[in-house]
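Report on one structure; see the data block that follows.
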Amino acid sequence: MQIAGEEEYKKIIRELSERIVLAQKPIRILDAIKWDQEVAEKFFQHKGKKLPAIDPEYYQRKNPLQFDPHEKIEEFREIERSIRKTLGQYSGVGSIMQRMCQEYCSVVDLLISRGTPRFTEVSQRLYGSSGDAFHAGAPTLRNLADLVSTTLGNIRDQVETGMDEKKITSEEVVAILSERLGKYFSDAEHTPRVMLGDGILADAAAGADRLRIQKDHLFSEREVRVFEIHEGWVHLGTTLNGMAQPVCTFLSKGPPSSTITQEGLAIISEIFTFSSWPGRLKRLTNRIIGVNMAEDGANFLDVWHFYLDQGMNETDSYHAAARVFRGSIPEGGGPFTKDLSYSKGFILIYNYIRLAVQRGLVASIPLLFAGKTTLEDIHIIVDLVREGLIVPPKFMPPQFRDIAALSAWMCYSLFLNQLDLKRLATDFRATLL
């Protein structure tokens with residue numbers, strides 16, 4: 001009887017989980033807020049002197065939603081009611097699924113609000129703001145951007161090597177990553193495909209079963225390595241791990257809260273494999289500054305010129321500014337704040353790992369790769385693994401598979417954090433000349 005009860009419990013959770021997966025299927029945030037190539041062409045026809053021709057009606061005309069938003073919100077609310085009715089108010093797995101339903105309702109609200117000031121309000125609720133503090137009295141993401149920018153200025157031109165030369169074609173990147181990821185995912189039921197992509201804002205973008213590389217570009221060895229780790233090891237890896245979940249299938253899909261965690265895992269994996277570089281950090285912190293500028297009232301042209309001043313060419317500056325204003329309007333609308341997820345997620349994940357090591361909870365760290373997880377749920381995920389409702393991740397970076405070295409790193413990090421860097425700078429001044 002007990003075994004039958006356990007199996008029935010798993011069946012109930014899986015059915016509720018599948019309802020969430022099915023309900024979110026037509027929601028495609030980035031497709032719904034993108035600007036088409038015609039907008040860029042007209043912008044450059046006017047030599048970058050006029051704002052892109054985007055208004056609230058543009059999104060309805062060019063990117064109509066493939067679902068009725070009000071019916072979709074009610075669908076998620078009905079699933080949420082079913083979760084409470086079936087699993088109870090205080091169920092761990094139920095609380096995760098209820099929050100997912102609530103987040104997806106906010107996502108639909110975000111898409112309803114495209115082209116209006118409310119779009120940024122909802123975006124900030126989902127992804128955060130550049131002015132958010134990490135705890136009372138703590139620095140903000142904008143403070144991080146300022147510090148990193150100053151530090152990078154001090155080492156400018158001192159760290160570049162042949163690995164920074166952009167000489168690898170898009171087609172060559174596809175071939176290289178097909179081989180590397182084919183080996184990494186050799187035990188996967190279906191090996192993810194690497195292919196050329198067109199019309200994507202990023203240089204590389206991972207989907208459910210494929211990795212797209214921007215066509216007609218040249219890339220450096222460093223960039224190819226980051227694609228392998230960030231998009232391949234982490235994003236494709238957590239997708240496959242989530243799809244392999246026999247009960248909690250909702251881990252195959254991620255709401256915005258999981259985006260912050262997943263991007264944090266990807267960035268920290270770049271750092272732990274020594275694959276990142278100053279130019280990469282500059283790109284990430286410039287995204288914070290671009291969002292911050294728009295939050296403070298800057299328009300598209302202001303942000304475009306900011307990127308030009310950072311040494312980017314006109315086309316790349318346009319695409320970087322478009323990332324900030326997609327879903328919004330070029331003036332008076334505010335930004336789409338998703339690009340804060342990279343740095344915000346890194347800081348949250350890094351500090352979680354440090355605290356997990358300090359408190360003897362290192363076994364929970366690899367479980368962040370069990371699917372499209374959210375950091376705040378990790379204590380519940382640990383329990384669900386013990387209950388057999390979640391299976392441990394199969395694919396994860398080597399640094400997380402064997403966390404001995406990572407634990408040693410964090411032990412030193414905990415101590416170094418107690419040192420006064422300004423005092424050290426004074427003591428070391430003779431050696432720093």
Side-chain angles (χ1 to χ4, degrees), residues 12-33 65-114 116-129 132 238-239 242 245 247-264 327 334 336-338 340-341 344-345 348-349 352 367-368 370-384 389-390:
I12 290 171
I13 294 173
R14 181 180 173 87
E15 287 176 352
L16 291 168
S17 181
E18 283 295 291
R19 286 177 64 183
I20 295 175
V21 172
L22 182 62
Q24 64 80 46
K25 190 173 183 179
I27 301 175
R28 295 290 178 265
I29 299 177
L30 299 186
D31 285 343
I33 64 175
L65 300 181
Q66 302 303 306
F67 55 89
D68 182 292
H70 303 291
E71 290 180 1
K72 184 58 67 178
I73 288 175
E74 181 54 36
E75 181 181 2
F76 280 114
R77 287 176 176 166
E78 177 57 33
I79 297 173
E80 186 182 354
R81 288 191 288 267
S82 296
I83 293 169
R84 285 198 301 272
K85 181 178 179 181
T86 308
L87 299 178
Q89 184 176 355
Y90 299 107
S91 161
V93 66
S95 67
I96 294 177
M97 291 193 286
Q98 287 183 72
R99 193 203 66 247
M100 290 182 72
C101 290
Q102 294 160 7
E103 277 196 53
Y104 280 123
C105 285
S106 293
V107 168
V108 176
D109 188 14
L110 177 82
L111 299 183
I112 293 174
S113 305
R114 291 174 299 174
T116 71
R118 179 167 171 74
F119 176 84
T120 291
E121 294 176 16
V122 181
S123 176
Q124 290 171 329
R125 189 166 72 241
L126 290 170
Y127 300 103
S129 165
D132 292 345
T238 55
T239 295
Q245 294 297 332
V247 179
C248 296
T249 57
F250 59 80
L251 285 174
S252 65
K253 305 295 179 182
S257 60
S258 75
T259 298
I260 297 170
T261 299
Q262 297 301 308
E263 295 298 355
F336 179 47
T337 59
K338 175 181 175 291
L340 301 177
S341 301
K344 180 178 182 178
L348 293 174
I349 295 294
Y352 166 74
L367 297 182
L368 289 168
K372 300 305 181 184
T373 60
T374 299
L375 181 59
E376 66 187 70
D377 296 332
I378 189 63
H379 64 293
I380 300 175
I381 291 173
V382 170
D383 290 338
L384 296 179
L389 298 176
I390 290 178

If we only count heavy atoms from C-beta on, is the [X] to [Y] side-chain gap below 4.5 Å?
{"X": "Leu367", "Y": "Thr373", "value": "no"}
{"X": "Glu78", "Y": "Arg19", "value": "yes"}
{"X": "Thr261", "Y": "Leu348", "value": "no"}
{"X": "Val107", "Y": "Gln24", "value": "no"}
{"X": "Ile33", "Y": "Leu111", "value": "yes"}
{"X": "Met100", "Y": "Ile83", "value": "no"}
{"X": "Met97", "Y": "Ile13", "value": "yes"}
{"X": "Thr259", "Y": "Glu263", "value": "yes"}

To the nearest 0.5 Å, how far apart are [atom1] in [X] and [atom2] in [Y]?
{"X": "Thr249", "Y": "Leu22", "atom1": "OG1", "atom2": "CG", "answer": "10.5 Å"}
{"X": "Ser91", "Y": "Gln98", "atom1": "OG", "atom2": "CD", "answer": "8.0 Å"}
{"X": "Leu251", "Y": "Thr238", "atom1": "CG", "atom2": "OG1", "answer": "10.0 Å"}
{"X": "Asp377", "Y": "Ile96", "atom1": "CG", "atom2": "CD1", "answer": "4.0 Å"}
{"X": "His70", "Y": "Ile73", "atom1": "NE2", "atom2": "CD1", "answer": "7.0 Å"}
{"X": "Ser257", "Y": "Glu376", "atom1": "OG", "atom2": "CD", "answer": "6.0 Å"}

Hey, is the main chain of [Y] close enough, under 3.5 Å, to the side chain of [X] for a donor-acceptor pair?
{"X": "Lys72", "Y": "Ala23", "result": "yes"}
{"X": "Ser123", "Y": "Thr337", "result": "yes"}
{"X": "Gln245", "Y": "Ala370", "result": "yes"}
{"X": "Ser113", "Y": "Asp109", "result": "yes"}
{"X": "Ser17", "Y": "Cys248", "result": "no"}
{"X": "Asp383", "Y": "Ile380", "result": "no"}
{"X": "Thr120", "Y": "Pro117", "result": "no"}

Is [X] salt-bridged to [Y], going by a charged N under 4.0 Å from an acidic O?
{"X": "Glu74", "Y": "Arg81", "answer": "yes"}
{"X": "Arg99", "Y": "Glu103", "answer": "yes"}
{"X": "Arg125", "Y": "Glu121", "answer": "no"}

What is the minimum heavy-atom distance between [X] and [Y], and which atoms define it?
{"X": "Ile79", "Y": "Cys101", "answer": "CG2-SG, 3.7 Å"}
{"X": "Lys372", "Y": "Ser258", "answer": "O-CB, 3.5 Å"}
{"X": "Ser106", "Y": "Leu126", "answer": "CB-CD2, 3.7 Å"}
{"X": "Arg28", "Y": "Lys25", "answer": "NH1-O, 2.7 Å"}
{"X": "Gly371", "Y": "Gln262", "answer": "O-NE2, 3.2 Å"}
{"X": "Val21", "Y": "Phe250", "answer": "CG2-CA, 3.9 Å"}

What is the ring orientation for Tyr104 with Phe76, classed by angle as parallel under 30°, tilted 30 to 60°, or perpendicular over 60°?
->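 The rings of Tyr104 and Phe76 lie parallel, inter-plane angle below 30°.
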